[in-house]
2 protein chains.
Amino acid sequence: MSDFIKVVIVEDEKDIRDMLMRLINDSKDVRCEHAFADCRSGVEGVLKHQPDVVLMDLGLPDESGIVGIGRIRDKFPEMDILVLSAQVDEESVFDALCAGACGYLVKQQSIENVVEAIYEAKNGGAPMSASIARRVIASFQRKPTKLISAREKEVLNELCKGKSYKLIADALFISEETVRRHLKNIYKKLEVSSKSEAVAKALKEKIV
Amino acid sequence: MSDFIKVVIVEDEKDIRDMLMRLINDSKDVRCEHAFADCRSGVEGVLKHQPDVVLMDLGLPDESGIVGIGRIRDKFPEMDILVLSAQVDEESVFDALCAGACGYLVKQQSIENVVEAIYEAKNGGAPMSASIARRVIASFQRKPTKLISAREKEVLNELCKGKSYKLIADALFISEETVRRHLKNIYKKLEVSSKSEAVAKALKEKIV
DNA sequence: CACTAAATCCCCCGTTTAGGTAATTGTTTG
DNA sequence: CAAACAATTACCTAAACGGGGGATTTAGTG
């Protein structure tokens, strides 16, 4: 067993791949001996060599790195997978994190810090480029929804606990009829037509 | 207008407060002239002095820093609020982020890096102690739920779109009766008894 | 002061849903 | 191979729900 942090790279651009390898192997405590240029062989290589950390690109020629992350995750849930991508769109970021990445580096911003990020990942952290981190945090924050009134929000809140009309009525000390009326208004405002739809929308849009 | 990043501290322990102030005022580009020892006066001070960054403790004598964060957020949504707390429990972390914090530093781990974190926050980042960052990221990942079968997961998926039995049946090319049956099983497994409850649970527990 | 919006309560009616019981067909797995 | 489980369909009933009316009170706003 070596003392090095073993790294595998999956990245299609040869220049970047080589640069990453050099950056890593010039640093102490980390070592990269295997790098792959597409997703399928990358995943295969990762499963075979079982590194401590994977550096994963997203825009790969054969299939998205995101599905690769999922595959690796299924086999080795403890492995640290760091995304290193040029893509900064909402969907790529969150899909990658949902798939199991433990960090997300934007190529343009953080490629020189990749070794530092590897240390951080091994240290139980979650290295992210600043802009990514901010967006991740922002995703927790409720967006201000003028549409729904305060009282309606309370009703919606109870609804999201899965309560029936009757239970909501009890919780808010109003009649079942009033709950029904609020729900009608909420449905109109959210453009939905059932409790489950309303709950789904409310939770996804972080209204509650 | 000064060129300094203006910082206000809200922290009840005098020793820490003083140390933070020294750390900040010994660094360049940042300056702290106001510090408060409880939440209410802290919020008041923040609203009055309108700093660029707020350093906020959570365990304050009068009320939780979390409500303070919310109050500040309501007035100045663009202000960067950094939590600096000893509390590392799940609830404190996520409540603080939901309330509007843009970063979370664990006192024991990151107090020396507080100035660095302030720079990072002003730079559009979201400074977090390593363990916090990892937990934030982990919260995106679907927890492996053996309980629900693959087919049931599909049904649950459609359910989370707010569909009726009939529409789910159409979407999955099965009879309404089968949908009903799946739902019954899902309800049992999730320990719920209605569509909205199931949707709420599925989305909150990230089953879908 | 009139107007509006929010919150409250009421009725009706048809549809949807939840829970019970039962049965058939594959697939997986010990 | 038998047992267990997943997926499928069926029927019945009472309760819950969604959409359609209408009404009152209070608070805020032009």
Side-chain angles (χ1 to χ4, degrees), chain A residues 70-71 74-75 142-208, chain B residues 74-75 142-208:
Chain A
R71 278 198 242 287
D74 285 344
K75 298 284 183 177
R142 197 172 306 168
K143 53 187 66 167
T145 310
K146 295 277 286 233
L147 257 169
I148 307 293
S149 79
R151 191 57 165 169
E152 284 166 354
K153 223 170 277 186
E154 292 184 69
V155 174
L156 202 45
N157 222 8
E158 298 299 324
L159 197 69
C160 288
K161 295 177 190 162
K163 294 187 180 178
S164 66
Y165 289 3
K166 170 121 199 53
L167 288 179
I168 298 176
D170 290 348
L172 300 182
F173 305 106
I174 52 181
S175 85
E176 215 174 312
E177 278 302 326
T178 307
V179 174
R180 182 190 309 284
R181 162 61 53 197
H182 281 308
L183 262 302
K184 280 183 202 177
N185 293 332
I186 290 171
Y187 287 178
K188 201 158 272 159
K189 292 179 182 180
L190 294 186
E191 298 176 294
V192 299
S193 59
S194 71
K195 300 203 322 178
S196 53
E197 242 184 307
V199 169
K201 190 145 191 170
L203 291 180
K204 281 174 187 164
E205 315 243 316
K206 293 183 203 305
I207 295 170
V208 290
Chain B
D74 286 342
K75 297 285 183 178
R142 196 171 308 168
K143 52 188 70 171
T145 311
K146 295 279 284 224
L147 222 53
I148 306 294
S149 78
R151 192 58 163 169
E152 283 166 355
K153 225 171 272 187
E154 292 184 71
V155 175
L156 202 44
N157 224 4
E158 298 299 324
L159 196 69
C160 288
K161 295 177 189 160
K163 294 187 180 176
S164 67
Y165 287 6
K166 170 123 199 52
L167 288 179
I168 297 175
D170 290 349
L172 300 182
F173 305 107
I174 52 180
S175 84
E176 214 174 314
E177 279 303 326
T178 308
V179 175
R180 183 190 311 287
R181 161 61 42 200
H182 282 310
L183 264 290
K184 282 180 202 177
N185 293 332
I186 290 170
Y187 287 178
K188 201 158 271 160
K189 291 178 181 179
L190 294 185
E191 295 177 293
V192 300
S193 58
S194 72
K195 298 201 326 175
S196 53
E197 240 184 311
V199 169
K201 189 143 192 172
L203 291 179
K204 282 174 187 165
E205 314 243 317
K206 296 185 202 302
I207 294 170
V208 291

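Keep in mind the model is a prediction, meaning the values are calculated, not measured. Heavy atoms only: backbone and side chains are in, while hydrogens, waters and symmetry mates are out. Order of the sequence lines fixes the chain letters, A, B, ..., with proteins taken first and strands second; residue numbering starts at 1 for each chain.
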[X] has an atom [atom1]; how far is it from atom [atom2] of [N], in whole Å?
{"X": "Arg181(A)", "N": "dA5(C)", "atom1": "CZ", "atom2": "P", "answer": "15 Å"}
{"X": "Glu177(B)", "N": "dA7(D)", "atom1": "CD", "atom2": "P", "answer": "17 Å"}
{"X": "Ile174(B)", "N": "dA10(D)", "atom1": "CD1", "atom2": "P", "answer": "12 Å"}
{"X": "Lys184(B)", "N": "dA22(C)", "atom1": "NZ", "atom2": "P", "answer": "12 Å"}
{"X": "Arg180(B)", "N": "dC11(D)", "atom1": "CZ", "atom2": "C1'", "answer": "10 Å"}
{"X": "Glu176(B)", "N": "dT17(C)", "atom1": "CD", "atom2": "P", "answer": "7 Å"}
{"X": "Ile168(A)", "N": "dA7(C)", "atom1": "CD1", "atom2": "P", "answer": "15 Å"}
{"X": "Glu158(A)", "N": "dC17(D)", "atom1": "CD", "atom2": "P", "answer": "14 Å"}

query = With distance as the sole test, does Tyr187(B) use its side chain to make a donor-acceptor pair with the main-chain N or O of Lys195(B) at under 3.5 Å?
reply = yes
[X] side-chain N/O to [N] phosphate OP1/OP2 under 4.0 Å:
{"X": "Tyr187(B)", "N": "dG19(C)", "answer": "no"}
{"X": "Tyr165(B)", "N": "dA18(C)", "answer": "yes"}
{"X": "Ser149(A)", "N": "dA7(C)", "answer": "yes"}

task = Taking the side chain as every heavy atom from C-beta outward, state whether Lys163(A) and Asp170(A) have any atom pair closer than 4.5 Å.
result =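 Contact flag for Lys163(A)/Asp170(A) side chains = no.
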note = Smallest heavy-atom separation, Ile168(B) atom then Glu158(B) atom, equals CG1-CB, 3.8 Å
ask   = Which is true for Thr178(A) with a 4.0 Å heavy-atom rule: it touches a base, it touches only sugar-phosphate, or it touches nothing?
value = base
task = Could you tell me whether Lys195(B) contacts a base, only the sugar-phosphate backbone, or nothing, with contacts defined as non-hydrogen atoms closer than 4.0 Å?
result =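 Sugar-phosphate: the residue Lys195(B), judged by heavy atoms under 4.0 Å, touches backbone atoms but no base.
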ask   = Got a second to check how far Glu152(A)'s CD is from Lys184(A)'s NZ, nearest 0.5 Å?
value =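 Interatomic distance, Glu152(A) CD to Lys184(A) NZ, rounded to 0.5 Å: 13.5 Å.
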